[in-house]
Amino acid sequence: MKKANGHEIIHLFEQFSPKRLAMEGDKIGLQIGRLNQQVKNVLVALDVTEEVAKEAEEKDVQLIIAHHPPIYRPLANLRTDLPQGRMIERLLKNDIAVYAAHTNLDVTTGGLNDWLADALHLENREVLVETGEIPLKKLVVFAPMEAADSIREAIGHIGAGAIGNYRNCSFSVEGTGRFQPEEDANPYIGTVGKLEEVREVRIETIFPETIEKPLMKAMLHAHPYEEPAYDIYPLSMKGEVYGLGRIGYLPEEMTLKEFAHFVKNVLDAGGIRVIGNMDDTVKKVAVLGGDGNKYYPWALRKGADVYVTGDMYYHTAIDAKNEGLNIVDPGHHVEQIMKKKVAETMANLCNERGLSVNFIPSSVRTDPFQFL
């Protein structure tokens, strides 16, 4: 295992949770400190408070990955006699960097909203609020027969040919390739100055635009030709949809009251607010971590029996109730699920690449609310 610097760790993180997925104007990325230093310990936190900064110092942390950006609004000043200033001062004095991943972590596949849906045991789920899609492209490459399997394996490993629940999908047709190597060529097949005919195979597959660069690198590395012939086409068919929240089905129906208790337990919520008839049956569930007030119409349109989200406003709750939507509000702090999950995800990514980094879920509970 080799040592890692902050840039390497964040590069891996952004492969999992790309910055391009964040909502417009979101304050994500490096907020405090620097990444060009060796990192042994990374603290994963929901919020960055004075107590969290102290925890990072005590645990010899060089980098904090946080969900909520500690600097969200422009700073009018940086006074070290006030809580935010003291927190930033402590971090800078101890050379602790802070990187924020907010709505990009909410949106990414296998990220925060999927973790919440997993905790609620939701099946057959889909995105609740679509914010975009990943365009699809088609790769067509021509290769000698004996190299076809190696090329298919290489591009499939990167992610080409994924269609729904199927992987490594491709189509091939045989034909004749013609070429004439010129004086400075170093041909795999054929002779300089002589027209050559070779039995070749045409391989076609589709891929998401986001993997084009590593896909091309893998294809060219696996291809035996000095100058492979290939084409890339844009496709009009719909690619993978991404967005906020998830909607799916419980394995078994529950009453709203039973479901509210279930949510409280599995999401470790200090308290639960419920809107609706406690005897209503719920099966189809929408969930959106954080403040989901403005997205309740999406839950209605998609036929949810109940909407799980935090920070519900009084008048929004009245509107939702009048429109027949049950709501379970376990608070904003249930997003703490990201601490353990990000730590596990990043530990696996670093291990796969031989990087020696310790990821520590913060033990500080930053929920400001108490329930009597």
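In this text, all values refer to a predicted model and were calculated from it rather than measured experimentally.
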For Lys238, does its backbone N or O pair with a side-chain atom of Glu133 as donor and acceptor, under 3.5 Å? no

Find out whether His67 and His102 are in side-chain contact, i.e. whether some heavy atom of one side chain is under 4.5 Å from a heavy atom of the other. yes

Tell me if a side-chain donor or acceptor on Gln37 pairs with a main-chain N or O of Ile96 at a distance below 3.5 Å. no

Minimum side-chain heavy-atom gap Tyr307-Tyr295 below 4.5 Å: yes

So does Glu352 have more than 12 non-hydrogen atoms from other groups sitting under 6.0 Å from CD? yes

Please confirm whether the backbone N or O of Asp311 pairs with a side-chain atom of Asp329, one donor and one acceptor, at under 3.5 Å? yes

Exercise: do His157 and Glu153 side chains pair donor with acceptor under 3.5 Å: no

For Ile10, run the side-chain contact (heavy atoms from CB on, under 4.5 Å) check against Val39, Val42, Leu63 and tell me which one passes. Leu63

More than 12 heavy atoms from other groups under 6.0 Å of NZ on Lys3: no

Using a side-chain heavy atom cutoff under 4.5 Å and only I, L, V, M, F, W and Y, what cluster partners does Leu82 have? none

Polar side-chain atom of Asp106 near backbone of Leu244 as donor-acceptor pair, under 3.5 Å: no

Within a radius of less than 6.0 Å around NZ of Lys302, do more than 12 heavy atoms belonging to other residues, nucleotides or ligands occur? yes

Would the number of heavy atoms belonging to other residues, nucleotides or ligands and lying under 6.0 Å from CD of Glu226 be above 12? yes

Does any donor atom in the side chain of Asp291 or Tyr313 lie under 3.5 Å from an acceptor atom in the other side chain? yes

For Asp95, enumerate each residue passing the side chain to side chain donor-acceptor pair (under 3.5 Å) test, keeping only those at least two apart in sequence or located in another chain. Arg34

Taking Leu220 as the starting point, is it possible to reach Ile155 by hopping between hydrophobic residues whose side chains are less than 4.5 Å apart? yes

Mark yes when over 12 heavy atoms from residues, nucleotides or ligands other than Glu51 sit less than 6.0 Å from its CD; otherwise mark no. no

Quick one, Thr309 and Tyr296 - any side-chain contact, counting heavy atoms below 4.5 Å? no

List for me each residue that meets ring pair (Phe, Tyr, Trp, His ring centres under 6.0 Å) alongside Phe262, sequence neighbours excluded, and say none if there are none. His121

Okay, side chain of Arg273, backbone of Met312: is any donor-acceptor separation there less than 3.5 Å? yes

So Tyr242 and Thr108, do their side chains get closer than 4.5 Å, heavy atoms only? no

Are any of the side-chain heavy atoms of Met346 and Val357 separated by less than 4.5 Å? no

Reference residue Arg178; test salt bridge (charged side-chain N to carboxylate O under 4.0 Å, His left out); the match among Glu200, Glu197, Glu196: Glu197

Could you list all the side chain to side chain donor-acceptor pair (under 3.5 Å) pairs where at least one residue sits in residues 206-224, not counting sequence neighbours? Lys137-Glu212

Apply side chain to side chain donor-acceptor pair (under 3.5 Å) to Thr281 and list each qualifying residue two or more places apart in sequence or on a separate chain. none

Measure from the side-chain N and O atoms of Thr205 to the backbone N and O of Leu139, and report whether any donor-acceptor pair falls under 3.5 Å. no

Taking Thr345 for its side chain and Lys341 for its backbone only, find out whether a donor-acceptor pair lies under 3.5 Å. yes

What's the verdict on salt bridge (Lys or Arg N to Asp or Glu O under 4.0 Å) for Arg353 and Glu8, showing C-alpha distance, side-chain angles and the deciding distance? CA-CA 10 Å; Arg353 287 156 180 81; Glu8 291 174 301; over 6 Å; no

Any donor-acceptor N/O pair, Asp367 side chain to His333 backbone, under 3.5 Å: no

With the side chain counted from C-beta on, respond yes when Trp115 and Lys340 share a heavy-atom pair under 4.5 Å apart, and no when they do not. no

For Arg73, I'd like to know if atom CZ has over 12 heavy atoms of other residues, nucleotides or ligands within 6.0 Å. no

Whether Asp26 side chain and Thr103 backbone form a donor-acceptor pair below 3.5 Å: yes

So Lys40 and Gln62, side chain to side chain contact (heavy atoms under 4.5 Å, CB included) or not? Walk me through it. CA-CA 7 Å; Lys40 297 182 296 180; Gln62 293 77 44; 3.6 Å; yes

If every non-hydrogen atom of Leu105 is compared with every non-hydrogen atom of Val342, which pair is closest and at what distance? CD2-CG2, 4.0 Å

Can you tell me if Lys321 uses its side chain to pair, donor with acceptor, with the backbone of Ile275 under 3.5 Å? no

Listing request: all side chain to side chain donor-acceptor pair (under 3.5 Å) pairs with a residue in residues 41-50, at least two apart in sequence or in separate chains. Asn41-Asn358, Asp47-His68, Asp47-Thr366, Glu50-Arg86

Quick check with a 6.0 Å cut-off and a 45 degree axis cone: is Lys138 positioned over the face of Tyr233's six-membered ring? no

According to the interplanar angle, ranging from 0 to 90°, do the rings of Phe371 and Phe369 count as parallel (below 30°), tilted (30 to 60°) or perpendicular (above 60°)? tilted

